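Lettering follows sequence order; numbering is per chain, from 1. Keep in mind it's a predicted model, so treat the numbers as computed, not measured.
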2 protein chains.
Amino acid sequence: MISFDNFTAVDGSPVYMQIIMHIKRGVAAGIVQNEDELPSRRVLSSLLGVNPNTVQKAYRLLEEEGLISSHSGAKSFMQLDEDKTNSIKASLLENDIRGMIRSMQQMDISKKEALEFIDLYWR
Amino acid sequence: MISFDNFTAVDGSPVYMQIIMHIKRGVAAGIVQNEDELPSRRVLSSLLGVNPNTVQKAYRLLEEEGLISSHSGAKSFMQLDEDKTNSIKASLLENDIRGMIRSMQQMDISKKEALEFIDLYWR
DNA sequence: TTAACTGTATTATATTCATAGTACGGTTGC
DNA sequence: GCAACCGTACTATGAATATAATACAGTTAA
């Protein structure tokens, strides 16, 4: 069962998008694997304190991406292969890193300083 | 006059927030300084291709933060001192770095790998 | 079999973000 | 003085996000 233990829905972006990202980061980390069972819409919404429709939207979009298989009445499962997993990992990584680098460069921070900051804040 | 040359309004977050961040990053970089003149609401909205109300919202929030002084009929100017500038820089830096580190840790990336990625993507 | 759970769908409401259009009075340079 | 700006304010509209309350049919385990 995919875990949402360390999920915190408070970063400004839509909750349904945060749910999607939580799952994709799990996939990128190898924590979420093919055929893993997803919490039901009702269970997850109650766990996160959000509306079932919000979870349904996240799951629907993931299904449209081909990462989840859902069938009426049955539980939902991850539908992954090596290609999908690799492509998710690569895209998330590049996105996050490029975003942070753009920010730091706009703040006129040097690469050396950036590396030092990361070293400092990493725990 | 504060420049919006390299501004691109397409990162998912609200445009008014992107305007605020653009200015704050300029402050953090030392490019935007005390008493610098801001483009008028109408001029900037037309430059960015957004509604004047969107720019007004960004400016209003910056004024409420004490970073801008506006008076009806007159142009708007930055209102900065060393304390404000330092606090903006520190807060932006910490935010960006912590966000990126959280992402990379969720993806199970090691600190060593993280530093290598930054080194690779920095240009 | 049947009760409990599942996915799915619908309607209604509220808030935020952004747009469009208009208006009013203050400031500034010619 | 006056035209051309400026900040500020308001109403109306629409899309996106999220909530609430139902409803219905498929699946599954006791």
Side-chain angles (χ1 to χ4, degrees), chain A residues 1-4 7-24 32 34-80, chain B residues 1-4 7-24 32 34-80:
Chain A
M1 176 70 74
I2 294 178
S3 160
F4 282 79
F7 184 92
T8 46
V10 278
D11 83 35
S13 67
V15 174
Y16 79 90
M17 191 59 72
Q18 295 181 52
I19 294 172
I20 290 174
M21 293 310 289
H22 178 87
I23 292 174
K24 285 191 175 181
V32 173
N34 188 37
E35 295 194 331
D36 274 0
E37 183 185 332
L38 291 139
S40 83
R41 277 74 166 162
R42 289 171 180 85
V43 165
L44 182 55
S45 67
S46 140
L47 184 67
L48 302 183
V50 303
N51 194 276
N53 298 332
T54 302
V55 178
Q56 164 61 6
K57 181 167 188 179
Y59 281 16
R60 180 175 55 77
L61 291 171
L62 284 167
E63 195 186 0
E64 284 169 6
E65 273 195 76
L67 304 179
I68 280 182
S69 77
S70 316
H71 299 97
S72 191
K75 292 173 177 173
S76 300
F77 296 90
M78 296 303 300
Q79 206 171 30
L80 297 170
Chain B
M1 175 69 73
I2 295 178
S3 160
F4 281 79
F7 183 91
T8 46
V10 278
D11 84 32
S13 68
V15 174
Y16 79 89
M17 191 57 72
Q18 295 181 52
I19 294 172
I20 291 174
M21 293 309 291
H22 178 88
I23 292 175
K24 285 191 175 180
V32 173
N34 187 37
E35 296 193 333
D36 275 359
E37 184 185 333
L38 291 141
S40 82
R41 277 72 164 162
R42 289 172 179 83
V43 165
L44 182 54
S45 66
S46 139
L47 184 66
L48 302 183
V50 302
N51 195 275
N53 298 331
T54 302
V55 177
Q56 164 62 5
K57 180 166 187 180
Y59 281 18
R60 180 176 55 76
L61 291 171
L62 284 167
E63 195 185 2
E64 284 170 6
E65 273 194 76
L67 303 179
I68 280 182
S69 77
S70 315
H71 300 96
S72 192
K75 291 173 180 175
S76 300
F77 296 91
M78 295 303 300
Q79 206 171 30
L80 297 170

Original post:
With respect to the side chain of Pro14(B), which nucleotide from dG7(C), dA18(C), dT8(C) is positioned closest?
Top reply: dA18(C)

Subject >> Donor-acceptor under 3.5 Å (His22(B) side chain, Ser3(B) main chain) >> reply: yes

Original post:
Rounding to a whole Å, what distance do you find between Glu37(A):CD and dG7(C):P?
Top reply: 9 Å

List every contact pair, protein side and nucleotides 22-25 of chain C side both N or O, where the distance is under 3.5 Å.
from	atom 1	to	atom 2	distance (Å)
dA23(C)	N6	Arg42(B)	NH2	3.3

**OP:** Find the distance Arg60(A):CZ to dT10(C):P and express it as a whole number of Å.
**Re:** 11 Å

Original post:
Does any N or O in the side chain of Gln18(B) come within less than 3.5 Å of the main-chain N or O of Ser13(B), such that one atom is a donor and the other an acceptor?
Top reply: yes

Original post:
Do the side chain of Ser46(A) and the main chain of Arg42(A) share a donor and acceptor less than 3.5 angstrom apart?
Top reply: no

**OP:** Check whether any side-chain nitrogen or oxygen of Ser76(A) sits under 4.0 Å from OP1 or OP2 of dT6(C), and answer yes or no.
**Re:** no

Original post:
Should we count CD of Glu64(B) as having more than 12 external heavy atoms under 6.0 Å?
Top reply: yes

Original post:
What distance do Leu62(A) atom CG and Lys57(A) atom NZ have between them, rounded to the nearest 0.5 Å?
Top reply: 12.5 Å

Original post:
Please give, in whole Å, the distance from dA18(C) C1' to Ile19(B) CD1?
Top reply: 11 Å

**OP:** Would you write the dot-bracket representation of DNA chain D, where each base gets (, ), [, ], | or . depending on whether it forms a Watson-Crick or G-U pair under 3.5 Å and with which partner?
**Re:** ||||||||||||||||||||||||||||||

Subject >> Distance in angstrom units between Gln18(B) CD and dC17(C) C1', rounded >> reply: 12 Å

Original post:
Quick one: Arg41(B) CZ to dT19(C) C1', roughly how many Å, whole number?
Top reply: 18 Å

**OP:** Compare every heavy atom of Pro39(B) with every heavy atom of Tyr59(B), then report the nearest pair and how far apart it is.
**Re:** OH-O, 2.9 Å

**OP:** Return the value, rounded to whole Å, for the distance between atom OH of Tyr59(A) and atom P of dA18(D).
**Re:** 16 Å

**OP:** Provide, to the nearest angstrom, the distance between the CD1 atom belonging to Ile20(A) and the C1' atom belonging to dT17(D).
**Re:** 13 Å

**OP:** For Gly49(A) and for Lys75(A), find the nucleotide of DNA chain D with the closest heavy atom, then tell me which residue's nucleotide is more 5'.
**Re:** Gly49(A)

Original post:
Counting only N and O atoms by type, is there a donor-acceptor contact under 3.5 Å from the side chain of Ser45(B) to the main-chain atoms of Arg41(B)?
Top reply: yes

Original post:
Does any N or O donor sit under 3.5 Å from an N or O acceptor when you compare the side chain of Asn51(B) with the base of dA20(C)?
Top reply: yes

Original post:
How many angstroms lie between atom CD1 of Ile2(A) and atom CE of Met78(A), to the nearest 0.5 angstrom?
Top reply: 5.0 Å

Subject >> Nearest-angstrom distance from the residue atom OH of Tyr16(B) to P of dA16(D) >> reply: 18 Å

Subject >> Close side-chain approach of Arg60(A) and Glu65(A), heavy atoms under 4.5 Å >> reply: no

